[in-house]
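Reckoned from all heavy atoms, side chains included, excluding hydrogens, waters and symmetry mates. Proteins come first, then strands; the chains are lettered A, B, ... in the order of their sequence lines, and each starts at number 1.
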Number of protein chains: 2
Amino acid sequence: MARPRKDQALDIRARAITETIRLLSETDARDLTLARVAAAVGCRPPALYGHFRDKNDLLRAVHDAGFAWLYVEKLDVCADTQGDALARLREGGRAYVRFALENPALYRLMFDPPPDSGLDVGPFDSDSDAALKSLGFLRAGIVAAQREGCLPGADPDDIAFTLWSAVHGAVSLLLQGRAPATETDPVVAAEAVVDQVMAFIAATRATTPGGSDA
Amino acid sequence: MARPRKDQALDIRARAITETIRLLSETDARDLTLARVAAAVGCRPPALYGHFRDKNDLLRAVHDAGFAWLYVEKLDVCADTQGDALARLREGGRAYVRFALENPALYRLMFDPPPDSGLDVGPFDSDSDAALKSLGFLRAGIVAAQREGCLPGADPDDIAFTLWSAVHGAVSLLLQGRAPATETDPVVAAEAVVDQVMAFIAATRATTPGGSDA
DNA sequence: TCATTAAATTAACGGCATTCGGTTTCCTGG
DNA sequence: CCAGGAAACCGAATGCCGTTAATTTAATGA
């Protein structure tokens with residue numbers, strides 16, 4: 001029972017990633033042991049080292065898989081709401097909120113990884129470019145909104161970062177239980193922030209409908 | 001050399017907290033070992049257990065000390081800018097940004113603590129009330145801004161959470177190096193978000209001076 | 001002065017990430 | 001069909017870290 005036979009072979013790499021994502025619904029990344037991952041996969045801890053350099057390498061793979069997942073979720077939203085630019089922005093924000101609150105530990109791993117994992121290094125460069133693509137969606141939505149008269153003269157990149165900051169900050173605070181206690185449902189509270197920001201953007205629209213200038 | 005003599009006694013509890021804060025400028029909370037803290041304090045690791053129940057208890061104390069510090073920083077700002085409500089909000093935001101970016105690991109410990117530390121439990125209840133007080137500042141600033149005609153008809157608590165989310169999100173993303181690469185200086189990028197949100201708020205002011213409706 | 005308590009210390013335990021050496025299975029060339 | 005090397009895994013071992021136990025020394029109070 002050293003090397004497994006071909007018929008009972010196991011795609012350890014793929015299984016490790018999916019099982020880790022599943023285990024993240026029960027346990028935070030830092031508290032997840034390789035022993036538990038190995039047990040879920042169906043192997044022993046050292047076997048993982050044949051497919052990942054170390055624990056951080058596994059977490060990085062999960063991190064990347066998370067971004068890929070988030071990207072397809074946003075793609076879905078994009079397909080659903082082709083009409084209004086503001087509506088698309090709003091729905092994109094809601095999808096983001098849903099993803100974060102439904103997968104808290106995975107979201108944490110993606111956006112607040114342990115500083116020694118080599119995941120927090122670069123400004124996007126090191127990410128699977130899914131993060132960049134997601135940001136691209138956001139930027140495109142803002143440019144579209146500007147075409148409809150909102151945010152005259154603003155830099156889309158600045159607005160994108162502000163928007164993203166607000167939504168990320170909201171879910172981040174909510175995941176830590178740090179919301180003003182008025183709201184009981186985190187999803188409602190986070191969506192309230194999305195709506196609030198959308199209202200801010202809508203308020204910058206040139207007051208006379210039809211007017212369109214920079 | 002078991003029990004130290006009175007003249008060479010050591011306020012281990014206080015020293016542990018300040019030394020931990022200092023060490024957080026080099027190492028993240030989760031990577032900080034009690035051995036290193038003990039060495040900085042001038043004792044052995046088990047000695048810490050006479051003053052803290054366990055490592056998380058030490059981290060909680062540091063967490064609370066961080067909030068107390070943030071609170072006095074905000075007090076300073078409050079004293080400096082007594083005039084304009086929007087200016088006070090902006091300066092408060094800048095002080096927050098400065099604090100976060102100058103003390104990244106401490107900020108992380110305060111606002112994104114490891115989920116098993118018992119620090120992420122309650123909506124503020126369990127915090128040293130410094131967090132509540134900081135939020136109170138924010139809310140007061142918003143109410144003042146409303147008195148000046150901004151944000152007509154909005155719930156100050158909603159606005160406060162949105163504002164806080166935006167600033168927290170911005171520093172949080174910047175600390176992870178996840179800003180759009182256009183900005184090199186994190187402080188500048190974060191302050192841009194603050195300014196952007198302030199602009200949003202200012203834009204909600206009734207356009208005709210004196211007019212006020214929902 | 002001497003027992004008791006307080007506050008550290010060194011020693012020990014258990015858990016975890018990671019490494020090492022061995023063993024079984026696959027694959028390739030003769 | 002059959003070496004023999006490479007590949008893939010396992011059990012055992014290492015070292016660090018949080019935490020607890022046992023031990024030592026200093027202060028205290030009768």
* Asked: Taking N and O atoms by type only, does the side chain of B:R44 place a donor or acceptor under 3.5 Å from a partner on the base of C:dA8?
  -> no
* Which part of the nucleic acid does A:L48 contact within heavy-atom distance under 4.0 Å: base, sugar-phosphate only, or nothing? -> nothing
* Go through C:dT19, D:dG18, C:dT23 for me and flag the one nearest to the B:T33 side chain. => D:dG18
* Determine: side-chain N/O of B:K6 to OP1/OP2 of D:dA27, distance under 4.0 Å, yes or no. => no
* Structure fact -> Separation of C:dT25 atom C1' from A:Q8 atom CD, nearest Å, is 10 Å
* Please confirm whether any donor atom in the side chain of B:R3 sits under 3.5 Å from an acceptor in the base of D:dT25, or the reverse. => no
* Touch check for B:A47, heavy atoms < 4.0 angstrom, all strands: base, sugar-phosphate only, or nothing? -> base
* NZ/NE/NH1/NH2 to OD/OE distance under 4.0 Å, B:R22 and B:E19 -> yes
* Using a strict 4.0 Å threshold on nitrogen-to-oxygen distance, state whether B:R30 and A:D31 make a salt bridge. => yes
* Can you tell me the distance, in whole Å, between the CZ atom of A:F52 and the P atom of C:dT18? => 13 Å
* So what does B:P4 touch, heavy atoms closer than 4.0 Å: a base, only the sugar-phosphate, or nothing? -> sugar-phosphate
* OH of A:Y49 versus P of C:dT18: gap in Å, rounded? -> 3 Å
* Asked: Taking the inter-plane angle between the rings of B:H168 and B:Y107 on a 0 to 90° scale, is it parallel (under 30°), tilted (30 to 60°) or perpendicular (over 60°)?
  -> tilted
* **d(CD1, A:I12; P, D:dA7) in whole Å** => 16 Å
* Using a cut-off of less than 4.0 Å, is there contact between a side-chain N or O of B:H51 and OP1 or OP2 of C:dA7? -> no
* Asked: What's the NZ-P distance between B:K55 and C:dG15, to the nearest Å?
  -> 18 Å
* Asked: Rounding to a whole Å, what distance do you find between B:R13:CZ and C:dA8:P?
  -> 13 Å
* Asked: Pick from A:Y71, A:F111, A:W69: which one makes a ring pair (Phe, Tyr, Trp, His ring centres under 6.0 Å) with A:F99?
  -> A:W69
* Pairwise 5' ranking along DNA chain C for A:R5 and B:G50, keeping only the more 5' one -> B:G50
* To do: Calculate the interatomic distance between A:L10 atom CG and C:dT25 atom P; express it in whole Å.
  => 16 Å
* Asked: Mapping B:A2 and B:L34 to their closest nucleotides on DNA chain D, which lands nearer the 5' end?
  -> B:L34
* Working to the nearest 0.5 Å, report the span between CG of B:L106 and OG of B:S25. => 10.0 Å
* Asked: For the pair made of CZ in B:R53 and C1' in D:dT20, what is the distance, rounded to whole Å?
  -> 15 Å
